[in-house]
Amino acid sequence: MTISAAAGSVLSDNQQDEETIIHWHGQIPPNVQDGVPKLPMPLLQPGETRSYDYAPMPGTHWMHSHVPVQEMSLLAAPLIVRRPEDLTADRQEVVMFLHDFAFRPAAEVLAEITQGAAHHDMSNMDAPAQNPSGMSGMDHSGMSMPGMTMGGMGAGGMIMDLNDFDFDAYLANDRTLADPEVIAVERSGRILLRVINAAAATSFWIDMGGIPARLVAVDGHGVEPVAGTRFGLAMAQRLDLEIDLPESGAFPILALREGARERTGIILATAGAQVRRIDDLAETDSGAFDIDLAQEGLLRAARTEGAPLLAPRPVDRSHMIMLGGAMQPYLWTINGQVWGNHTPLTAKTGERVHLSFHNMSMMGHPMHLHGHVFQVVNINGRNIDGAIRDTIYVPPMSMVTVALDAGEAARWMLHCHHMPHLSTGMMTELAVSA
């Protein structure tokens with residue numbers, strides 16, 4: 001699969017021997033170019049080239065196959081759209097692209113994770129699901145399947161399921177800490193680190209190694225700067241971090257697997273700095289990611305001339321979205337339904353819409369909406385003027401409300417970006433009418 005850019009257009013050229021399709025994650029192309037199988041365009045055939053000519057949205061984004069096993073096989077890449085000020089800023093840009101990886105074929109890994117559940121072929125988006133009953137509710141058992149790991153305590157002391165599967169490796173820019181990418185940087189230089197979590201089923205903590213950083217954007221959209229040395233991101237989310245380096249040295253930037261000891265990362269190094277070997281296992285586990293939404297609650301959308309990016313206005317339509325499922329049988333649902341037996345959420349173009357995600361399962365869900373950006377406006381009953389995003393993480397037993405203005409009249413996918421959850425049917429649609 002190759003992507004090439006020309007004046008005013010992008011070409012997608014399928015050089016694989018199987019069908020595929022590319023979703024432009026974080027961008028808002030016309031629906032026909034959104035990159036979802038058969039909604040409305042068919043999969044890209046082997047040898048086929050397709051052109052895209054939408055106006056790009058600036059920021060840190062990415063592109064990936066919308067066929068789960070292909071995304072799990074690393075068919076993904078950063079998609080960075082720079083603003084004019086990015087081109088003139090006195091800083092060096094660095095991209096950190098994260099993956100989880102298994103040496104076995106992705107289809108085998110997915111089958112092992114989802115064993116015992118109905119299989120939904122997401123390459124045929126219009127096909128009815130094979131299990132029409134759906135399942136919702138909490139997994140109170142605290143049990144895990146072979147090859148899966150547990151960790152963390154949820155509300156009421158119930159055990160959370162943090163990780164579905166122990167992958168063979170965790171990658172930063174396609175490399176492990178056995179041979180990390182070492183990036184040459186200037187002494188006392190300023191870095192804009194663009195972090196993209198392209199993992200199939202892993203949230204990460206980004207550990208700055210004690211060097212202060214400023215979180216300045218999430219999902220490609222500016223936030224009021226938040227200082228810190230450790231920041232987290234769920235699957236499909238992005239972070240932009242500004243870093244002012246010390247005078248000289250080698251500075252590891254590590255990505256810690258949520259609730260575990262595994263880690264990966266890159267190293268920023270000034271000329272002549274000694275780069276030491278870093279073990280890929282930390283001494284202690286990293287803990288659960290943002291279980292109380294403390295990080296999300298700190299974020300505020302960057303303002304232009306004192307006004308939020310999403311102007312205040314009355315809400316025209318609200319939807320409550322119940323996120324459910326369990327590990328045994330492995331099945332994940334939206335409003336008690338799986339894709340193919342789902343009831344679409346509805347809106348009309350131009351309406352202000354509130355989507356309230358209520359997670360009643362014991363796994364977190366990174367919820368991604370196609371064709372729109374939204375603002376986080378309420379966390380567990382507390383109103384905030386939160387970040388502009390396209391993917392919101394909803395921890396177990398939590399509720400997050402986002403606001404958006406309904407866009408083009410079309411069918412827009414809304415789904416969990418945890419690939420095994422998506423593959424078992426955790427997807428619905430926002431059906432926008434004129």
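Note that these values count all heavy atoms, side chains included, but never hydrogens, waters or copies made by symmetry. Sequential numbering from 1 along the given sequence is applied to the chain's residues.
- By the 4.0 Å N-to-carboxylate-O rule, Glu429 lies close enough to Arg411 to be salt-bridged with it.
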Exercise. Should Met72 and Val109 be marked as a side chain to side chain contact (heavy atoms under 4.5 Å, CB included) after you check the CA-CA gap, both sets of side-chain angles, and the distance that decides it?
Worked result: CA-CA 9 Å; Met72 292 175 69; Val109 172; 4.1 Å; yes
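- Within the 4.5 Å cutoff, the side chain of Leu177 has heavy atoms near those of the Leu254 side chain.
- The two residues Cys416 and Leu422 come nearest to each other via the heavy atoms O-CB, 3.6 Å.
- A salt bridge does not link Arg263 with Asp285: none of the charged nitrogens is closer than 4.0 Å to a carboxylate oxygen.
- With respect to the salt-bridge test (charged N to carboxylate O, under 4.0 angstrom), the residues Arg257 and Asp280 do not qualify.
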For this session: Assess whether side chain to side chain donor-acceptor pair (under 3.5 Å) is satisfied between Gln295 and Asp290, documenting all intermediate values.
Result: CA-CA 6 Å; Gln295 175 178 287; Asp290 214 19; 4.9 Å; no
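- The aromatic rings of His370 and His23 sit parallel, their planes meeting at an angle under 30°, below the 60° perpendicular limit.
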For this session: Before giving the answer on side chain to side chain donor-acceptor pair (under 3.5 Å), spell out for Thr428 and Gln337 the whole-Å C-alpha distance, their side-chain angles and the decisive distance to 0.1 Å.
Result: CA-CA 9 Å; Thr428 188; Gln337 300 172 323; 6.0 Å; no
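- Using a 4.5 Å heavy-atom threshold, the side chains of Leu39 and Met413 count as touching.
- If you run ring-ring contact (aromatic ring centres under 6.0 Å, His included) between His415 and each of His365, His342, His66, only His66 comes through.
- Comment: Asp207 does not engage Arg230 in a salt bridge, judged by the lack of any side-chain N to carboxylate O separation of less than 4.0 angstrom.
- A 4.5 Å side-chain heavy-atom check between Val32 and Met41 finds at least one atom pair inside the cut-off.
- The side-chain heavy atoms of Gln27 and Pro56, taken from C-beta on, include a pair separated by under 4.5 Å.
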Problem set entry | Audit row: Arg50, Ile22, side chain to side chain contact (heavy atoms under 4.5 Å, CB included) steps and yes/no | CA-CA 10 Å; Arg50 192 174 294 171; Ile22 296 297; over 6 Å; no
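- Residues Ala198 and Phe97 come closest through the heavy atom pair CB-CZ, 3.5 Å.
- Between Ile266 and Pro180 the shortest side-chain heavy-atom distance does not fall below 4.5 Å.
- The closest side-chain heavy-atom distance from Thr401 to Phe357 is not below 4.5 Å.
- No hydrogens or angles considered: a donor-acceptor pair under 3.5 Å links the side chains of Glu18 and Gln70.
- Considering every non-hydrogen atom in both Thr176 and Thr264, the closest pair reads CA-OG1, 4.1 Å.
- Salt-bridge annotation for Arg300 and Glu224: absent, with no side-chain N of the basic residue lying under 4.0 Å from a carboxylate O of the acidic one.
- Residues Arg389 and Glu296 are paired through a salt bridge, judged by an N-O separation under 4.0 Å between the basic side chain and the carboxylate.
- When every heavy atom of Leu404 is checked against every heavy atom of Leu310, the shortest pair comes out as N-CD2, 4.3 Å.
- Looking only at side-chain heavy atoms (C-beta outward), Leu299 and Val376 stay at 4.5 Å or farther from each other.
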Exercise. Which is it for Gln33 and Asp53 under the side chain to side chain donor-acceptor pair (under 3.5 Å) test, yes or no, and what are the steps along the way?
Worked result: CA-CA 9 Å; Gln33 298 181 21; Asp53 59 359; 2.7 Å; yes
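- A side-chain donor-acceptor contact under 3.5 Å links Glu181 and Asn173.
- Among Arg83, Arg214, Arg194, the single residue meeting the salt bridge (Lys or Arg N to Asp or Glu O under 4.0 Å) criterion with Asp240 is Arg194.
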For this session: Go through the steps to decide whether Val394 and Met399 satisfy the test side chain to side chain contact (heavy atoms under 4.5 Å, CB included), and finish with yes or no.
Result: CA-CA 7 Å; Val394 188; Met399 186 160 66; over 6 Å; no
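- Using a 30° and 60° split on the angle between ring planes, His368 and His25 fall in the parallel class, below 30°.
- Between His421 and His418, the angle of the ring planes stays under 30°, which puts this pair in the parallel group of the 30/60° scheme.
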